[in-house]
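Data block below; observations after.
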Amino acid sequence: MTMVRSTLPESALRVTGDALQETLVDLLGLSLIGKQAHWNIVGPRFRSIHLQLDEVVSTARSYADQVAERAAALGVAPDGRPETVAARFALPGTKEGWLRDNDVVRLLVEALTTAIGRLRERIEATEEADKVSQDLLISLTAELEKQRWMFEAENWPREDA
């Protein structure tokens with residue numbers, strides 16, 4: 001039963017709804033990764049990275065709300081239930097216990113890189129389907145790329161370089 005009727009054609013709605021739902025799951029999961037690392041980080045850069053993690057969590061939560069509300073506005077019921085996030089989450093996650101600051105930085109770079117790659121695919125998919133949703137995904141990607149850059153700069157020079 002659809003409570004809200006979409007202004008999009010059915011095929012465009014399907015593509016856009018999938019893109020928004022997958023993005024919602026990524027963002028909710030990313031916020032959980034950020035908080036888990038925030039609570040468990042240790043090391044000489046504890047404070048600066050601890051605070052930086054809150055920026056990622058804030059960004060993820062804010063955009064999760066925007067993405068979910070965009071889906072709802074189109075007549076697609078957003079699904080942010082814990083079991084949905086757990087079943088569909090595809091970003092790298094934290095290990096259990098205390099996390100060294102260097103490991104947290106590497107994890108966030110990897111998680112953000114994966115999320116950005118997935119977003120770029122959705123940007124392409126929504127190009128014809130819904131430019132409004134595409135614009136939201138583009139602005140989210142820009143923000144996550146900024147966060148990724150800030151974390152990557154934390155471990156310079158790179159250990160693998």
Side-chain angles (χ1 to χ4, degrees), residues 14-74 76-126 130 133-156 158-160:
R14 194 171 22 261
V15 168
T16 303
D18 288 349
L20 293 171
Q21 179 59 43
E22 291 170 10
T23 301
L24 179 61
V25 167
D26 283 355
L27 289 170
L28 293 173
L30 185 59
S31 75
L32 294 172
I33 289 171
K35 270 303 175 187
Q36 183 67 20
H38 173 88
W39 297 321
N40 289 286
I41 188 171
V42 294
R45 296 181 297 158
F46 162 82
R47 181 158 172 72
S48 63
I49 296 171
H50 179 80
L51 296 173
Q52 194 174 346
L53 287 163
D54 272 341
E55 293 177 25
V56 171
V57 170
S58 178
T59 296
R61 288 180 176 169
S62 173
Y63 272 96
D65 191 50
Q66 291 178 58
V67 165
E69 288 181 355
R70 177 68 186 152
L74 293 174
V76 176
D79 188 354
R81 296 172 300 151
E83 58 270 26
T84 300
V85 175
R88 296 175 67 180
F89 187 66
L91 302 181
T94 63
K95 63 181 184 179
E96 185 178 348
W98 303 114
L99 304 167
R100 292 287 308 176
D101 51 4
N102 286 345
D103 294 337
V104 168
V105 169
R106 275 192 298 276
L107 170 65
L108 264 290
V109 169
E110 184 181 349
L112 289 165
T113 299
T114 302
I116 291 163
R118 291 167 55 84
L119 276 164
R120 288 190 173 280
E121 292 171 3
R122 295 177 201 135
I123 288 167
E124 203 170 299
T126 55
D130 181 29
S133 296
Q134 183 192 42
D135 185 57
L136 176 58
L137 299 177
I138 289 169
S139 66
L140 168 58
T141 302
E143 187 58 37
L144 292 185
E145 285 179 335
K146 181 176 96 174
Q147 294 291 334
R148 185 192 170 283
W149 156 59
M150 291 181 177
F151 274 100
E152 190 168 46
E154 287 280 348
N155 275 354
W156 190 90
R158 288 190 351 230
E159 296 159 350
D160 62 348

Determine whether D26 and R122 make a side-chain contact, defined as any pair of heavy atoms from C-beta on separated by less than 4.5 Å.
yes
Is L32 close to Q36 at the side-chain level, that is, under 4.5 Å between some pair of heavy atoms?
no
Using side-chain contact (heavy atoms from CB on, under 4.5 Å), reason through L112 and L30 one step at a time and then give a plain yes or no.
CA-CA 8 Å; L112 289 165; L30 185 59; 3.8 Å; yes
Using a 4.5 Å cut-off on heavy atoms from C-beta on, say whether the side chain of L20 contacts that of L24.
no
Apply the side chain to side chain contact (heavy atoms under 4.5 Å, CB included) test between R45 and each candidate in Q52, R100, E154; give the one that qualifies.
E154
Electrostatic pair E55:K146 at N-O distance under 4.0 angstrom:
no
Find the distance between CG (N102) and CG (N155) and round it off to the nearest 0.5 Å.
4.5 Å
So do the side chains of Y63 and L136 get within less than 4.5 Å of each other, counting heavy atoms only?
yes
Taking all non-hydrogen atoms of both residues, which atom of G97 and which atom of N40 are closest, and how far apart?
O-CB, 3.4 Å
Close side-chain approach of I49 to F151, heavy-atom, < 4.5 Å:
yes
Value for CG (L119) from CD (E143), rounded to nearest 0.5 Å, stands at 12.0 Å
Side chain to side chain, T84 and Q21, heavy atoms closer than 4.5 Å:
yes
So does E96 have more than 12 non-hydrogen atoms from other groups sitting under 6.0 Å from CD?
no
Under a 4.5 Å cut-off applied to non-hydrogen side-chain atoms, are I33 and F89 in contact?
yes
Approximate separation, where rounding is to 0.5 Å, of H50 NE2 and I41 CD1
8.5 Å
Within the side chain of S31, is there an N or O that forms a donor-acceptor pair under 3.5 Å with the backbone of L28?
yes
Let me know which of T16, T23, D65, D130 forms a side-chain hydrogen bond (donor to acceptor under 3.5 Å, both in side chains) with R70.
D130
Check whether S58 reaches the backbone of D54 with its side chain - one donor and one acceptor, N or O, closer than 3.5 Å.
no
Between L27 and L140, is there a side-chain heavy-atom distance shorter than 4.5 Å?
yes
Taking all non-hydrogen atoms of both residues into account, name the closest pair between A115 and L91 and its distance.
N-CD2, 3.6 Å
Approximate separation, where rounding is to 0.5 Å, of E69 CD and L74 CG:
12.0 Å
With the threshold set at 4.0 Å, does a side-chain nitrogen-carboxylate oxygen contact exist between R148 and E152?
yes
Contact summary for T126 and A19, nearest pair of heavy atoms:
CG2-CB, 3.8 Å
List the steps and the verdict of side-chain contact (heavy atoms from CB on, under 4.5 Å) for K35 and H38.
CA-CA 5 Å; K35 270 303 175 187; H38 173 88; 3.7 Å; yes
Minimum-distance pair of heavy atoms, taken over all atoms of W98 and W39
CZ3-O, 4.0 Å
